[in-house]
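Naming convention: chains lettered A, B, ... in sequence-line order (proteins, then strands); numbering from 1 in each chain. This one's a predicted model, so the numbers in the text were calculated from it and none came from an experiment.
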Protein chains: 2
Amino acid sequence: MKVLIVEDDPLHRSYLHEAVNAALPECETVIEAENGTVGEKLARDHKSAHIVMDLQMANRNGIEAARTIWKERPETRILFWSNYSDEAYVRGVSRIVPDGAAYGYVLKSASDERLKLALRSIFIESQCVIDREVRGLQQKSLGQTNGFTDSEYEILVDIALGLTDRAIARRRGLSLRSVQNRLQHLYDKLDVYQSAGDDHEDGRFNLRARAVTVAFLRKLLNYSALERAEAELQEWLDEK
Amino acid sequence: MKVLIVEDDPLHRSYLHEAVNAALPECETVIEAENGTVGEKLARDHKSAHIVMDLQMANRNGIEAARTIWKERPETRILFWSNYSDEAYVRGVSRIVPDGAAYGYVLKSASDERLKLALRSIFIESQCVIDREVRGLQQKSLGQTNGFTDSEYEILVDIALGLTDRAIARRRGLSLRSVQNRLQHLYDKLDVYQSAGDDHEDGRFNLRARAVTVAFLRKLLNYSALERAEAELQEWLDEK
DNA sequence: ACACAAGCTGCGGGTTTACGCAAGACGGCG
DNA sequence: CGCCGTCTTGCGTAAACCCGCAGCTTGTGT
């Protein structure tokens, strides 16, 4: 068995290396990549079937890398090992995982034991292992309880990118009014009106901008989600 | 000599611990804190004069912690050790460093040698050590070349928070028109008009929202800056 | 088949933004 | 002192945004 480690922090990389050696005696080779780009290349060259991947890397983040890897070989098993459980990450990951693929999501704050267990479960037993904390988010996120519909999330991203209502309408194939309709739902759910009208009509917010901020503060959005969305936007703009 | 380490990642913490031991034989005690809150408390209890501090910690980030520590004892020497050189961080740090204080800013990607050298320079020689990459930003940021004025940065934060023009005017003591004036300058500098009018008048952006996004993508803003700004905003709202 | 909820859409309006134009205010500088 | 650049402010306008109201299309359940 061969394992590929994709992680930009040298300390974490060598820690992972040791953990893999300890948890998987049947693994005879471990290779390392220090960013997503190199990770993709090595995965292709070695036809890696077992990958441990950091999200949030400078050069090319884990979600992007995982997407192209899975596109080439959907049966690849990937364990995401991340510092954060932002809803933006969780959503990003579950959006790209192929049907029936074995994968995992473990936080860096987890114990040695948990990490090693996850390594065996995923790589040997082909099970999915999702950190408890992450799991909670996932349920809320995909179910509708207090969570966001895909369409709401979509429009959130669109205004975060700075598109006008009209542009969003064109991009998503909707009428202007529908876009504004969805926006209203979004404002509701994000509770953007909060301290707006409490005193007088004084400290009112710009709803559109405020919504984006609140989403950021709630980890619904984060830098890497923005980055991806921006890339998709440019793509869409180019193809006219 | 005593050194306090404030860093939330256990791996990085023990790495720092070793580095301090190796670089500073005259240091007889090293204490550790795993977040900003604990860091502040330990600094107070031990009257720490030498601190190595991570920015970006979950509980209370390095800038906040450093601010209160410096408020209590301005002669404290602090070495910031961070993964990123976002302009938002650099600006945040230089805003709170007291006059004549010795401090440093070293990236985690720096070599062992550089870290150890910095430790000695700051803690023993009371010099300021700023990573080259960071230094570049600082110059641009504080000088005006291609950088942002304080007033421009200020208004950027305000719209990022989601305030209306009117609210900003009230908060900053300006007229409505002046606020809009500053906004225009900001839009210019952020080059928000970019692909707006190239094809036709099609894919136009919502300037206000777009400005925030671009600032994020350029690392002019980041999560922790937003967080701080939000806290200040709430404070201002409370005191009426 | 009928009722009901959820989402899309057009209409109309009140409010907020973006910004050109132009008149002061302030601070160097020869 | 007068000239000039930067910053502030008021006025006015066109565009964008927020949203209540109401008619339509769906899908779902009993």
Chemist: Taking the ring centre of each residue, are B/F205 and B/Y193 less than 6.0 Å apart?
Modeler: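 Ring centroids of B/F205 and B/Y193 are no less than 6.0 Å from each other.
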Chemist: Between A/E235 and A/R228, does any NZ, NE, NH1 or NH2 come within less than 4.0 Å of an OD or OE carboxylate oxygen?
Modeler: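 No, A/R228 and A/E235 are not salt-bridged.
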Chemist: Please report, rounded to the nearest Å, how far the C1' atom of C/dT17 is from the NE2 atom of B/H185.
Modeler: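 It is 16 Å, rounded to the nearest whole Å.
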Chemist: Calculate the interatomic distance between A/D188 atom CG and C/dA6 atom C1'; express it in whole Å.
Modeler: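 Result: 15 Å.
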Chemist: Taking side chain to side chain contact (heavy atoms under 4.5 Å, CB included) as the definition, give me every residue that meets it alongside A/P98, ordered by chain and number, with sequence neighbours left out.
Modeler: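 Side chain to side chain contact (heavy atoms under 4.5 Å, CB included) list for A/P98, sorted by chain: A/W70, A/P74, A/A101.
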Chemist: Return no unless some side-chain N or O of B/N206 is found under 4.0 Å from OP1 or OP2 of D/dC17.
Modeler: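 True: B/N206 side-chain N/O within range (under 4.0 Å) of D/dC17 OP1/OP2.
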Chemist: Rounding to a whole Å, what distance do you find between B/F205:CZ and C/dA18:P?
Modeler: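 For the pair B/F205 CZ and C/dA18 P, the rounded distance is 15 Å.
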Chemist: Return a single string for nucleotides 19-28 of chain D, one symbol per nucleotide in 5' to 3' order, where B is base contact, S is sugar-phosphate-only contact and - is none, cutoff 4.0 angstrom on heavy atoms.
Modeler: BBB-------
Chemist: Side chain to side chain donor-acceptor pair (under 3.5 Å) with B/N35: which residues, sequence neighbours excluded?
Modeler: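 B/N35 satisfies side chain to side chain donor-acceptor pair (under 3.5 Å) with no other residue.
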Chemist: Take the protein atom CZ of B/R172 and the nucleotide atom P of D/dC7, then report the distance between them rounded to whole Å.
Modeler: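 Going from B/R172 (CZ) to D/dC7 (P), I get 17 Å.
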Chemist: Return no unless some side-chain N or O of A/S175 is found under 4.0 Å from OP1 or OP2 of C/dT9.
Modeler: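 So the side-chain polar atoms of A/S175 do come within 4.0 Å of the phosphate oxygens OP1 or OP2 of C/dT9, strictly under.
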Chemist: B/R166 has an atom CZ; how far is it from atom P of D/dC17, in whole Å?
Modeler: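 It is 18 Å, rounded to the nearest whole Å.
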Chemist: To the nearest Å, give me how far apart CD1 (B/I168) and C1' (C/dT17) are.
Modeler: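 In whole Å, C/dT17 C1' lies 11 Å from B/I168 CD1.
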Chemist: Going by salt bridge (Lys or Arg N to Asp or Glu O under 4.0 Å), name the pairs with one or both residues in residues 67-78 of chain B, residues two or more places apart or in two chains.
Modeler: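 The answer is B/R44-B/E72.
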Chemist: From CD1 of B/I155 over to C1' of C/dA18, roughly how many Å is that when rounded to an integer?
Modeler: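 It is 13 Å, rounded to the nearest whole Å.
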Chemist: Residues in ring pair (Phe, Tyr, Trp, His ring centres under 6.0 Å) with B/Y105, at least two apart?
Modeler: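 Expected list: none.
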Chemist: Specify the separation, in whole Å, of atom CG of A/L174 and atom C1' of C/dT9.
Modeler: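 That distance rounds to 10 Å.
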Chemist: Between A/D86 and A/R91, does at least one N-O distance fall below 4.0 Å, as a salt bridge requires?
Modeler: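 No, no charged N to carboxylate O under 4.0 Å.
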Chemist: Could you list all the salt bridge (Lys or Arg N to Asp or Glu O under 4.0 Å) pairs where at least one residue sits in residues 53-64 of chain B, not counting sequence neighbours?
Modeler: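 Output for this query lists B/E40-B/R60, B/D54-B/K108, B/R60-B/E64.
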Chemist: Please produce a list of atom pairs where a protein N or O lies less than 3.5 Å from an N or O of nucleotides 26-28 of chain C.
Modeler:
none

Chemist: Going by the rule side chain to side chain donor-acceptor pair (under 3.5 Å), which residues pair with A/S151 if we only count those two or more places apart in sequence or in a different chain?
Modeler: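 For A/S151, no residue satisfies side chain to side chain donor-acceptor pair (under 3.5 Å) once neighbours in sequence are set aside.
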Chemist: Looking at A/T164, I'd like to know whether one of its side-chain N or O atoms comes within less than 4.0 Å of OP1 or OP2 on D/dA16.
Modeler: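 So the side-chain polar atoms of A/T164 never come under 4.0 Å of the phosphate oxygens OP1 or OP2 of D/dA16.
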Chemist: How large an angle, rounded to 10°, do the end axes of the helix from C/dA1-D/dT30 to C/dG30-D/dC1 enclose when each is built from five base pairs?
Modeler: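 Terminal axis comparison yields 30°.
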Chemist: Kindly say if A/R182 contacts the phosphate of C/dG7, meaning a side-chain N or O under 4.0 Å from OP1 or OP2.
Modeler: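 No.
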Chemist: Just grab all the salt bridge (Lys or Arg N to Asp or Glu O under 4.0 Å) pairs involving residues 176-187 of chain A, residues at least two apart or on different chains.
Modeler: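 Found A/E154-A/R182.
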Chemist: The criterion is side chain to side chain donor-acceptor pair (under 3.5 Å); which residues satisfy it with A/Q56, sequence neighbours excluded?
Modeler: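 Side chain to side chain donor-acceptor pair (under 3.5 Å) list for A/Q56, sorted by chain: A/Y89, B/Y84.
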Chemist: Just jot down the side chain to side chain donor-acceptor pair (under 3.5 Å) partners of A/S224, sequence neighbours excluded, or say none.
Modeler: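 Side chain to side chain donor-acceptor pair (under 3.5 Å) check on A/S224 returns nothing, list empty.
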